[in-house]
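Note sheet for the following structure.
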Amino acid sequence: MSPSNNDDASGATSNDGVRPLTRKELRALEKHTGSSDVVPEQAYETGQDAPATAPVPEVAPAPALAPEPDQAPEPDPEPQPVIPTAPDTLPSIQDAGPVADHHPDETQVHEYHPADQHFYEAHDAGNHYPGEAVHEAGNHYPDEAHHDAGHHDHHDHHPDDEHPDPGLFAGVAAVSVVAKPSKKVRRRRRLLALFLTLVVFVAAIAVGAQFLKPLLGNDKPADYPGPGTGEVMVSVKPGEGTRSVATKLESGKVVANADTFLQAFSSSGGTLSPGDYTFKMEMKNSDAVSVLLGTDKSKVIYFALSAGLRVGESLQAISEGSGVSLQQLKAFSDAPAQFGLPANAKNLEGYLAPGEYRFPLGTPAKDILQSLVKGTTDELVAQGITDPAKQYEAVIVASIVQAEGGQAEYGDVAGAIYNRLKPNDQTSGYLQVDSAVTYGLGTKSLNFTDEERQDKSNLYNTYANPGLPPGPIGSPGKTAIDAAAKPKTNDYLYWVTINLDTKETKFSKTLAEHNVYVNQYNTWCQANEGRCT
């Protein structure tokens, strides 16, 4: 090449005699030609132009040219950075935006296109060189250069901009990222905690209620389902209140709750009557009320025996209530040994305990009579009299006490009877009671003749025959039996009821005093004509 082709500014040529073009000259040539042909990579590195028709052979790198006086020396192209190996596990990034497209088929070093304004010019969003770190849309690493929407005339190229330090990813991968529980999980946890608290609270109330129930009396059921089983005898004493009876029924497990039973009894509008009643265990309140009021007669055998009734009267009432014939009942009564009575007993006189009775329909007659006898013997045993012979004697005394005196004086009458049986100078062992005489006569009138008073053939004539009569003269009630078993200690030998309405009884130690009280009785009889017959 001629010297005229040399660059005056540089003055240096290549080995083949051709001076390489400077970058300024290359840029001017690109603008002038407007060619879109790609400049060979060797030309970019050396400034040497190559024929477009043949490939440029590889040549040794050109020596460095001396810088022109008015131009700063061009820096050597920086070597391509090594692409770091991505960590095995990248950190989780929530709400990641769309990832820009990556072109793996691009070569590591871009070919230079003359149409480009700058070789290191920033690319459109979403295009990256190979090995370039992929960024989230609109997000940049701290060291990343930010680009405006327009083009810059010049941009310095830094390898760290495209390839972050691999140590950054390694450190991030080593950190455990704990995800925050979702709202649904937190809501479930709150609901579970609330549920467990509620369960503990309810359990505490239930346990506390179990301890408080006995103290408050609320552990008893209101009523039994009924109809009940077995048999329970309950006695209602004269003047006894419904509260006392209700307590007895609850204690005997006849009713479940005394309070609810009282409510049922009050609602019935009935009146409580004294007597002995037969209940079942675990009855309904309404059924127990019916027993006390006698309103269930059509469903059971029902009859009532008053204190002082003679055996014939009692058997008649039993027959009417049970439907059993009077002859059948009398046949059982005339054989008292089969009911446990002593040999000197002629029948069941004195042992058919007074009270109200209810038995299931179809109950045998013997069972009915046995139940009544048992009521009397049980009371004697309760008073400490267990020997059948002693029991029989006590029943005789109790029957006279029942017939002769008012209940308020039963203990004194019993004491006076035992005093008369003892040796004394007033009665000489004679009881001299009118009720026994009339029993022997088969009547109830207290008016009998002097001849009848002196008749020894009447074994119940206590005027003519000393000692106790051969048997009871009626059915004594519980109070009379208790008085005969445990009489009051006194010095009385005589007594007389001077008022049949009030049952007022006068006691005396001598016959003279007794006659004064007898006159008071006669005066009352005259004032109440027909009452003393």
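Sequence positions, counted from 1, serve as the residue numbers for this chain.
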Practice problem: List the steps and the verdict of side chain to side chain donor-acceptor pair (under 3.5 Å) for D223 and N257. | Solution: CA-CA 6 Å; D223 200 358; N257 192 309; over 6 Å; no
Practice problem: Determine, step by step, whether N424 and T427 satisfy the side chain to side chain donor-acceptor pair (under 3.5 Å) criterion, reporting the C-alpha distance in whole Å, the side-chain angles of both residues, the deciding distance to 0.1 Å, and the verdict. | Solution: CA-CA 6 Å; N424 64 80; T427 62; 3.0 Å; yes
Practice problem: Quick one: do S435 and E404 satisfy side chain to side chain donor-acceptor pair (under 3.5 Å)? Show the steps, please. | Solution: CA-CA 7 Å; S435 57; E404 289 287 324; 2.6 Å; yes
Exercise. Just do the side-chain contact (heavy atoms from CB on, under 4.5 Å) check on W495 and E409 with the steps written out, would you?
Key: CA-CA 10 Å; W495 68 89; E409 294 83 19; over 6 Å; no
Quiz item: Would E250 and K220 count as a side-chain contact (heavy atoms from CB on, under 4.5 Å) if you check the C-alpha gap in whole Å, the side-chain angles of each, and the deciding distance to 0.1 Å?
Solution: CA-CA 10 Å; E250 182 181 327; K220 298 181 294 185; 3.3 Å; yes
Exercise. Determine, step by step, whether T443 and T438 satisfy the side chain to side chain donor-acceptor pair (under 3.5 Å) criterion, reporting the C-alpha distance in whole Å, the side-chain angles of both residues, the deciding distance to 0.1 Å, and the verdict.
Key: CA-CA 5 Å; T443 66; T438 57; 5.2 Å; no
Quiz item: Can you check side-chain contact (heavy atoms from CB on, under 4.5 Å) on S235 and Y277, steps first, answer last?
Solution: CA-CA 6 Å; S235 297; Y277 298 87; over 6 Å; no
Self-check item: Trace of the salt bridge (charged side-chain N to carboxylate O under 4.0 Å, His left out) decision for E240 with K248
Solution: CA-CA 11 Å; E240 189 172 9; K248 287 181 181 180; 3.0 Å; yes
Self-check item: salt bridge (charged side-chain N to carboxylate O under 4.0 Å, His left out) assessment of E513 paired with K506
Solution: CA-CA 10 Å; E513 185 181 5; K506 296 291 187 177; over 6 Å; no
Self-check item: Stepwise side-chain contact (heavy atoms from CB on, under 4.5 Å) check, K284 with V255
Solution: CA-CA 7 Å; K284 294 179 63 176; V255 298; over 6 Å; no
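For the salt bridge (charged side-chain N to carboxylate O under 4.0 Å, His left out) test, no residue two or more places apart in sequence or in another chain qualifies with K366. Taking the ring pair (Phe, Tyr, Trp, His ring centres under 6.0 Å) definition, one finds that Y494 meets it with H514, sequence neighbours left out.
Few gaps surround CD on Q338; more than 12 heavy atoms of other groups in view lie less than 6.0 Å from it. Within a 6.0 Å radius of NZ in K237, other residues, nucleotides and ligands contribute 12 heavy atoms or fewer.
Rounding to the nearest 0.5 Å gives a distance of 9.0 Å between CD of E320 and CG of L326. Remark: D482 CG to Q383 CD distance equals 4.0 Å, nearest 0.5 Å. Between Y460 atom OH and I400 atom CD1 the span is 10.0 Å, to the nearest 0.5 Å. Going from atom CG of L348 over to atom OG of S333 covers 4.0 Å, rounded to the nearest 0.5 Å. Atom CG of N528 and atom CG of N499 lie 7.5 Å apart (nearest 0.5 Å). The distance from the OH atom of Y392 to the CG atom of L380 is 13.0 Å, given to the nearest 0.5 Å.
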What side-chain donor-acceptor pairs closer than 3.5 Å can you find for residues 186-197, not counting sequence neighbours?
residue : atom : partner : partner atom : Å
R186    : NH1  : P181    : O            : 2.4
T197    : OG1  : A193    : O            : 2.8

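Considering every non-hydrogen atom in both G440 and N458, the closest pair reads CA-OD1, 3.1 Å.
Side-chain contact annotation: T260 with N285, donor-acceptor N/O pair under 3.5 Å present. Y439 and E349 are linked by a side-chain donor-acceptor pair at a separation below 3.5 angstrom, with hydrogens and angles left out of the test. Side-chain atoms of D434 and Y463 form a donor-acceptor pair, as typed in the model, at a separation below 3.5 Å.
Stacking of R358 on the aromatic ring of Y302 is not recorded, the 6.0 Å distance cut-off and the 45° axial limit not both being met.
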